[in-house]
Amino acid sequence: MRHILGLIIVLLFIIGFSLVLIVAGNYILPSHEIGMLAKYYLYLAYNPWQRNFTVMSPEAVTSIVWDFRGLDTVFETAVFYLAIIGSIALGRGIVKYIKPEEEELGLSLIVKTVTRISAVMIIAVAASIALHGHLTPGGGFQGGATAAVAPLLIIVIFSHYYLLEKGVTKDLMLFLRSLGLTGIAIVAIIVYLIALPQGIHAYVLQNQPKPDSSIGLPAYINGQLISGTLWFFNLFEFFAVMAGFTIVFLLITIPERAFRKEEEGEKQ
Amino acid sequence: MDFSIVQTFIIYILPVYVVAFVLYVIRALKGPTISDQVLAIDAMSYDLAAFLVILSIFFREPILIGTAIVLALWIYALDIYIAKYLEKKEVGE
Amino acid sequence: MIEDLLVIIGMIMLGIGAVADLIAAIGLNRFKNFYLRLHAATIGTIWGAFVPLIGASLIAAGSPCLGVYRWFVAGGGLAIAFLVLILAPAGSHALARATHRSGLVRVEPCVVDHLNEDMCVKEG
Amino acid sequence: MLTYEEIMLLITALASVFSVIAVYYAIIEKNLVRAVVFSAIQSTIYAFIYYMFMAPDIVLVYIPVAVGLYPAVILILISKTEKVEKQ
Amino acid sequence: MISLSTYLLTIIVTSMIMNLALALYGIFFKPHLTKKIIALTILGDTANTFAIIVGYRRWISPHSPSRPPVLVDYANINQEDLVNFVNTAVDPLPQALVLTAIVIGLAVTLFLVFLALQIYRLYGTLDVREIKRLRG
């Protein structure tokens with residue numbers, strides 16, 4: 001009963017306080033106009049008439065993430081990996097896996113069969129989200145987060161041991177993660193590396209030609225729009241995010257029994 | 001056919017969907033056991049996926065449909081987690 | 001002509017979906033028991049989500065004013081309909097099985113329960 | 001008669017009020033598993049709000065993270081530790 | 001000018017403020033560490049929602065909705081379409097910032113979960129008051 005009373009007070013507060021705030025609300029609420037900077041980004045995201053300033057990607061969000069404010073994203077990726085490395089360092093432990101023989105692992109056969117279909121679809125949807133990130137909503141972060149649910153679902157439905165037997169181990173995922181990070185680093189400086197031997201001025205994280213630097217990655221390959229570096233950034237970020245999360249899930253779902261056995265072994 | 005007819009029709013059936021969502025959320029909030037709550041969230045979210053597709057037709061924005069695919073895929077996950085928790089008590093194995 | 005027909009069929013299916021949603025929501029609130037509510041939830045997912053998704057994809061296929069991406073909408077709607085068709089029953093099954101096995105909700109009213117006799121609550 | 005914009009804003013405002021109820025119950029609930037379920041209701045409603053504010057990118061990243069991964073991670077933590085918050 | 005749309009938008013903003021306050025209450029006054037983590041996720045999501053609301057744009061005319069910041073028909077585009085797109089799309093900058101914030105929030109939550117698990121293995125409880133008492 002006390003909870004219902006508190007809830008009614010909260011709801012009345014919302015309705016009443018918004019009546020008070022409505023006078024001041026005009027200053028803080030969205031209006032019919034957006035900021036000058038946003039218009040600049042929207043105008044230059046895909047603009048074939050301004051070839052020296054555009055990104056050639058119809059998706060304004062991805063072009064902000066990986067081109068206009070690319071340095072921010074690189075540093076945010078660094079923060080993300082520090083958090084992942086912290087988790088790995090805390091959850092690390094040399095554990096001998098003892099697979100229980102007697103009991104049936106996981107959920108029922110119906111759910112397992114459906115998951116065999118849906119896990120493939122999850123990976124396909126994630127790959128399409130990531131690789132079309134420069135054309136439709138999506139990108140490396142979205143695709144990676146989507147694909148990371150598939151290993152967790154398999155762990156929950158089959159078991160922790162099933163994923164290990166299928167060859168998805170921590171070492172493989174560490175390799176994929178390193179591949180992704182190295183790829184991001186290489187793509188960030190690739191235009192600079194191409195321009196250096198030719199003696200042309202170029203920037204780090206450069207995508208399309210700039211007014212004072214005439215070099216850039218091609219926007220179209222075989223008539224398909226790939227928006228220069230954006231496609232490669234999305235691909236590598238997809239691998240990195242997916243592998244990073246999968247390592248953490250493999251560590252966090254180690255059965256508590258294994259840890260208990262290990263501690264008992266140390267005591268004796 | 002003129003597209004505004006479709007838009008007007010969608011506007012007229014919107015209240016029915018919204019009333020259904022409100023009833024679903026009420027059951028999800030008050031359900032006596034965890035299973036009732038999860039069942040209500042489940043039904044609500046599959047309907048929400050259909051609703052998002054209908055709204056994307058109303059807004060004439062075809063690209064908004066990708067969100068519905070992702071939503072339809074993930075609600076299943078919540079069922080599985082709760083089921084596993086209720087059955088085995090340790091989610092890992 | 002064929003496009004008009006597609007749009008009209010799609011609109012009818014959207015209407016069916018809305019009504020089925022309302023029925024399912026009322027049923028979910030009126031039934032007494034978790035196992036009874038499963039029936040209402042099935043109405044909500046198949047008639048309330050699968051049918052309007054097919055209807056929406058038919059409308060998209062019959063509306064040229066949606067532009068070049070209209071086949072994207074139609075195919076996406078069909079894909080979501082397929083997903084709902086295979087995922088929703090599996091999820092409900094897992095939930096019901098876990099609920100019965102863990103003994104969270106008793107079967108009531110009950111005639112016979114072969115899985116676990118203790119869960120069966122006879123009337124009277 | 002309401003305009004289309006006002007109808008859409010009305011639906012969004014209704015959703016946000018329900019999200020407040022879900023958050024309230026998630027905070028005061030003693031049983032931690034039920035708190036996770038209330039948090040999942042809040043996540044679904046937030047995803048709908050992001051959709052109505054025309055942010056498909058955010059919906060695409062928010063649904064896997066908040067509906068698919070947060071409940072799983074917290075349920076794993078609960079299943080390895082304690083189930084009920086003591087008074 | 002005060003209208004119904006303004007009032008509805010104000011209700012959304014006020015609800016988000018209320019969610020923020022409830023989440024802060026949960027972080028500060030709930031003794032259990034798992035509950036604190038749940039409240040922290042709600043707090044992060046609500047803060048992200050504020051950024052999205054700031055980037056929204058009201059409809060230009062009653063029958064033309066504002067659009068997501070994605071150009072649909074890019075293959076055969078002319079200048080007029082582009083100007084029309086710039087005049088109707090919502091602000092993409094907050095979306096780009098929130099995008100990375102959500103993924104980083106998940107990584108930080110995973111770190112906190114590992115921390116809580118280690119605390120449980122050491123002390124046998126996750127209640128803050130008991131942990132304080134056990135430390136002496």
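Quick note on labels: first sequence line is chain A, next is B, and so on, each numbered from 1.
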Review point. Between D/Leu9, D/Thr81, D/Leu10, which residue shows the highest count of heavy-atom pairs closer than 4.5 Å to chain E?
Key: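 When all of D/Leu9, D/Thr81, D/Leu10 are compared, D/Thr81 has the most.
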
Review point. Do D/Tyr46 and E/Asn19 meet the criterion of a side-chain donor-acceptor pair at a distance under 3.5 Å?
Key: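 Note: D/Tyr46 and E/Asn19 side chains meet the donor-acceptor criterion.
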
Atom of [X], atom of [Y] and distance for their closest heavy-atom approach:
X       : Y       : answer
E/His63 : D/Tyr4  : ND1-CE1, 3.4 Å
D/Ile58 : E/Ile52 : CG1-CD1, 3.8 Å
D/Met54 : E/Pro68 : SD-CD, 3.6 Å

Exercise for review: Check step by step if side-chain contact (heavy atoms from CB on, under 4.5 Å) holds for E/Asn48 and D/Tyr50.
Suggested key: CA-CA 10 Å; E/Asn48 291 335; D/Tyr50 291 154; 3.8 Å; yes

Which portion of [X] sits near chain D, non-hydrogen atoms under 4.5 angstrom:
X        : answer
E/Thr109 : side chain
E/Thr125 : both
E/Val113 : both

Exercise for review: Before giving the answer on side-chain contact (heavy atoms from CB on, under 4.5 Å), spell out for E/Ile38 and D/Glu29 the whole-Å C-alpha distance, their side-chain angles and the decisive distance to 0.1 Å.
Suggested key: CA-CA 11 Å; E/Ile38 294 174; D/Glu29 180 65 54; over 6 Å; no

Exercise for review: Tell me, please, which residues at least two apart from D/Glu5 pass salt bridge (Lys or Arg N to Asp or Glu O under 4.0 Å).
Suggested key: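 D/Glu5: salt bridge (Lys or Arg N to Asp or Glu O under 4.0 Å) contacts with E/Arg58.
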
Check your understanding: So which part of D/Leu60 gets closer than 4.5 Å to some heavy atom of chain E, the side chain, the backbone, both or neither?
Key ->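 Contact with chain E: none, neither part.
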
Exercise for review: Please state whether the side chain, the backbone, both or neither of D/Leu2 comes within less than 4.5 Å of a heavy atom of chain E.
Suggested key: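 For D/Leu2, the contact with chain E is made by the side chain alone.
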
Point to revise | E/Lys35 side chain vs D/Lys30 backbone, donor-acceptor pair below 3.5 Å | key: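 Answer holds: no.
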
Check your understanding: Testing E/Val98, E/Thr100, E/Ile102 for side chain to side chain contact (heavy atoms under 4.5 Å, CB included) with D/Val61, which one passes?
Key ->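 Checked E/Val98, E/Thr100, E/Ile102 against D/Val61; only one passes side chain to side chain contact (heavy atoms under 4.5 Å, CB included): E/Ile102.
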
Check your understanding: Which one of E/Asp45, E/Val90, E/Ile42 has the most heavy-atom pairs closer than 4.5 Å to chain D?
Key ->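 Going by pairs under 4.5 Å, I would pick E/Asp45.
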
Practice item. Among E/Val70, E/Ile53, E/Thr46, E/Ile37, single out the residue with the greatest number of heavy-atom pairs under 4.5 Å to chain D. Key: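 The answer is E/Thr46.
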
Exercise for review: Can you check whether anything in residues 23-33 of chain E gets within less than 4.5 Å of chain D, heavy-atom wise, and list it by number?
Suggested key: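 Expected list: E/Ala23, E/Tyr25, E/Gly26, E/Lys30, E/Pro31, E/His32.
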
Exercise for review: Name all pairs fulfilling the ring pair (Phe, Tyr, Trp, His ring centres under 6.0 Å) condition that reach into residues 76-100 of chain E, sequence neighbours left out, sorted by first residue then second.
Suggested key: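 Passing the test, one end in residues 76-100 of chain E: no pairs.
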
Check your understanding: Which residue pairs pass the salt bridge (Lys or Arg N to Asp or Glu O under 4.0 Å) test when at least one of the two sits in residues 6-20 of chain D, sequence neighbours left out?
Key ->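 Output for this query is empty, none listed.
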
